[in-house]
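Lettering of chains follows the sequences in order, A, B, ..., and the numbering in each one begins at 1.
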2 protein chains.
Amino acid sequence: MSRKRITIYDLAKALNISASYVSRALNNDPFINEKVKEQVKAKAEELNYQQNANAFNLRKGITRTIGVVVPKINEIFFANAIAGIEEACSKNNYNLIICQSAESLKKEIKAVETLIQQNVDCIIISVTMETDSSEHLRRVIENKMHLIQFDRVRNDVDSFKVENDNLQAAYIAVQHLIQQGYKKIAHIGGPGFLKVFNDRKQGYMKAMQEAGLKIPSTYMTEGDLTKTTGHSAATALLSKSNHPDAFFCSSDNIAFGVLQAAAAMKIKVPQELGVMGFQNEPFDELLIPSLSSIEQNSKELGKHAADIYFNILASAKTPSVPSTEVIQCALEERDSTRKNVVSATAESAVSM
Amino acid sequence: MSRKRITIYDLAKALNISASYVSRALNNDPFINEKVKEQVKAKAEELNYQQNANAFNLRKGITRTIGVVVPKINEIFFANAIAGIEEACSKNNYNLIICQSAESLKKEIKAVETLIQQNVDCIIISVTMETDSSEHLRRVIENKMHLIQFDRVRNDVDSFKVENDNLQAAYIAVQHLIQQGYKKIAHIGGPGFLKVFNDRKQGYMKAMQEAGLKIPSTYMTEGDLTKTTGHSAATALLSKSNHPDAFFCSSDNIAFGVLQAAAAMKIKVPQELGVMGFQNEPFDELLIPSLSSIEQNSKELGKHAADIYFNILASAKTPSVPSTEVIQCALEERDSTRKNVVSATAESAVSM
DNA sequence: TTGTATGCGTTATCAA
DNA sequence: TTGATAACGCATACAA
């Protein structure tokens, strides 16, 4: 059962033509006899010929490898994004090197250096929260490699970018709350120095403004994305006289905290309080009331990022100008914002 | 800034020795001048020499690539396992090809075929729920490739295997419930035709038996791993006269369903009912009461699986005999099983 | 249209 | 100890 892979020489011998001609036939060289081409392809199929990637790459001086740098691979948002990248890569016969920065700028720089040394053809990256410099990203471009940023991007680097339309997503989310009849909507956001969270805030404000709704200064808070943040922010706001009748949160964990605070204060969701999260975590639909949220389509996001590279590759002639592409989010309407439809399940809200 | 990578020829020229000698020096050939070796290594460092993987692999006739086949990459258990595999690979300078079978045997077979064709050095796989044949796995071995199964394994294939000790984990879980003072413990399990779930059932039975506790026939049910399964099973059992005072569930989703059923029936957890899950999902600690569960250490599991291959590689001489390695699970004790310690948070149980 | 020869960067074989 | 050279499988410049 010893395994000897078929090469173009084997094909050549079997067909009584030269190896180089086989190579050309396989690569659809235009100056080639159509009939021979078909014969070659048929034979290749028959003998189960598989191109030797190492020889090909060595010859071409490329690696057919994409490097990915993300904060954490086992966070659902990034896991999905990687699933998308992976899909595009395997379709194009590309390899993947995955690096985790663990939210550390130092590790991120090291990962990028490694990938440069490994001579990957392209680097797809989502920077850490503490990335406040772009030196290492610029080095990628200086090395004639393709750089594609996604989700958390730095704008002081002239690269392709793929982002969610966070502003629009927030806008739609808040609009939904307004349509449901909520009027005093508060926002609990993420760290403001990150663009994604700032955009969500902007979307929130835009929707409120357009609807002619006031935003008391206390209605906009900021914090990390934890349940604790949501719990304490909601508890504080809900105990005031002019308390909100809905919360738009920048993460599902925050929203979860809000739900708990509401339950503790015997405030009924969604009847007396609407709660909207962000991220569409798997646990959203497990909660009662189930949590309305924003699906970020992160798999699409990853797939799209990788496809940008493959498109560049396909149209190698036209020197592509870095653009920013946008992946739309989608509203996942669930019970926590259904003010109008008081469902049976929602009645048993204060359970679990 | 054009990038020309340093080769061993550059090193040779810089040091006035031959390229082949450089190669040997870099590879720690024993018949080599120690001083020269050091010089070469120093120069390599200085010039930032990086071995060309394609040339190396082409010459060696290997790919330095491991193929991974899992049902779903964006399921936390597998995402973690892949994170572990990835870690081991990048440490050993190996590439990774990730394939998803999407729980379809047909896709799994196709993925394996692809990986065989790609000539990967090793395949690490966790089979789908519907994999009832091992032909394709045997083909891997026939092709002189290394096969390593993890988590869901098929025993009719003579390969290395890495598994959780599901029996022991279940045993510990149930023992914990017993220690807490629960006596009438029921088990809601997963599909019995899968070994992992059968093992958990065995562990449950062993613990009960050792403690001299009876298991009424109604106390053992089976189903898929969803919340619905848990909800309906618990509702049915809890409304009977001889109802259980604890549930050991084969998944956290099942346990979640049990918690909800209990809340709906105004049964207090953990005071009147203990609930133990399995999988240690991220949402466990978000619940109130937080859900006790079993951590499967899936990242370790993946890392270990990959390391098996690298160990084989290191000790190439001794033809390694396939073994089965075991990764222990860990009990994550939380509020849902703290019968003795009625904490303040647990008091507000029926919230969320 | 087709074939021959060369080189991509390594390692391994042979010779010195 | 060292060096020259072939070979891994492929794509391509050059010849025919």
Side-chain angles (χ1 to χ4, degrees), chain A residues 2-41 43-44 47-65 93 117-121 313 316, chain B residues 2-41 43-44 47-65 93-95 117-121 313 316:
Chain A
S2 171
R3 177 179 186 71
K4 183 81 187 108
R5 285 178 86 191
I6 302 288
T7 71
I8 51 173
Y9 285 95
D10 300 320
L11 259 37
K13 206 178 296 172
L15 293 164
N16 252 319
I17 54 177
S18 77
S20 60
Y21 205 63
V22 172
S23 171
R24 283 193 278 255
L26 258 19
N27 288 299
N28 288 316
D29 187 301
F31 304 113
I32 228 166
N33 188 315
E34 273 299 326
K35 252 169 99 180
V36 181
K37 190 198 285 186
E38 276 169 33
Q39 280 175 20
V40 172
K41 291 198 170 178
K43 203 68 180 177
L47 267 44
N48 211 345
Y49 166 79
Q50 203 71 11
Q51 185 191 58
N52 182 312
N54 286 129
F56 176 91
N57 295 344
L58 175 59
R59 182 60 233 261
K60 288 277 204 178
I62 62 176
T63 55
R64 274 205 295 202
T65 299
N93 236 293
Q117 289 309 325
Q118 294 247 348
N119 206 25
V120 297
D121 300 340
L313 222 56
Chain B
S2 173
R3 178 179 188 69
K4 183 81 187 108
R5 286 178 85 192
I6 301 286
T7 72
I8 50 173
Y9 282 95
D10 300 319
L11 259 36
K13 205 178 297 171
L15 294 164
N16 252 320
I17 55 178
S18 77
S20 57
Y21 204 62
V22 172
S23 171
R24 281 194 281 253
L26 257 19
N27 289 298
N28 289 317
D29 187 300
F31 303 111
I32 228 165
N33 188 316
E34 273 299 327
K35 252 169 95 178
V36 181
K37 191 198 285 187
E38 275 169 35
Q39 280 174 21
V40 172
K41 290 198 171 178
K43 203 69 180 174
L47 266 45
N48 210 345
Y49 165 78
Q50 201 73 13
Q51 185 190 58
N52 182 313
N54 285 130
F56 176 91
N57 296 344
L58 174 59
R59 185 59 235 255
K60 289 278 202 177
I62 62 176
T63 55
R64 272 205 296 202
T65 299
N93 235 294
Y94 256 66
N95 277 120
Q117 289 310 324
Q118 294 246 348
N119 208 27
V120 296
D121 300 340
L313 220 57

- Item | Reference residue B:V40; test side chain to side chain contact (heavy atoms under 4.5 Å, CB included); the match among B:N33, B:I32, B:I17 | B:I17
- For A:N57, report the nucleic acid contact type (base, sugar-phosphate, nothing); a contact means any heavy atom under 4.0 Å. nothing
- Task: Measure from the side chain of A:Y9, starting at C-beta and using heavy atoms only, and say which of C:dT10, C:dG9, D:dC10 lies closest.
- Result: D:dC10
- Query: Mapping A:V36 and B:A19 onto DNA chain C by nearest heavy atom, which one lands closer to the 5' end?
  - Reply: A:V36
Between protein and nucleic acid, restricted to nucleotides 13-16 of chain C and to nitrogen or oxygen atoms under 3.5 Å apart, what atom pairs and distances do you find?
unit_1: C:dT13; atom_1: O4; unit_2: B:R24; atom_2: NH1; d: 3.4

- Determine the contact category for A:N54: base if any of its heavy atoms lies under 4.0 Å from a base atom, sugar-phosphate if only primed atoms, P, OP1 or OP2 are that close, otherwise nothing. nothing
- Message: On the nucleotide C:dA12, are OP1 or OP2 found under 4.0 Å from the side-chain N or O atoms that B:K60 carries?
- Response: yes
- Task: Compare all side-chain heavy atoms of A:D10 with those of A:R5 and state whether any distance is below 4.5 angstrom.
- Result: no
- Task: Say whether, by atom type as modelled, one donor and one acceptor occur between the side chain of A:D29 and the main chain of A:F31 under 3.5 angstrom.
- Result: yes
- Item | Whole angstrom value for the distance that separates P of D:dC8 from CD1 of A:I6 | 15 Å
- Query: Which is true for A:S18 with a 4.0 Å heavy-atom rule: it touches a base, it touches only sugar-phosphate, or it touches nothing?
  - Reply: base
- Look at the side chain of A:T7 and decide which nucleotide, out of C:dT10, D:dG3, D:dG9, has an atom nearest to it. D:dG9
- Item | Closest listed nucleotide, where the reference is the side chain of A:F56 and the choices are D:dC10, C:dT10, C:dG3 | D:dC10
- Query: Closest nucleotide of DNA chain D for B:F31 versus for B:L58: which of these residues is on the 5' side?
  - Reply: B:F31
- Query: Roughly, in whole Å, what's the span from CD in B:Q50 to C1' in C:dG9?
  - Reply: 14 Å
- Task: Starting at atom CG of A:N52, determine the distance to atom C1' of C:dT10, rounded to an integer number of angstrom.
- Result: 14 Å
- Closest approach of B:S18 and B:A12, non-hydrogen atoms and distance? C-CB, 3.7 Å
- Would you tell me whether B:N57 and B:T63 have side-chain atoms, one donor and one acceptor, within less than 3.5 Å of each other? no
- Side chain B:N52, main chain B:N54, donor-acceptor under 3.5 Å: yes
- Under a 4.0 Å N-O cut-off, is there an ion pair linking B:E38 with B:K41? no
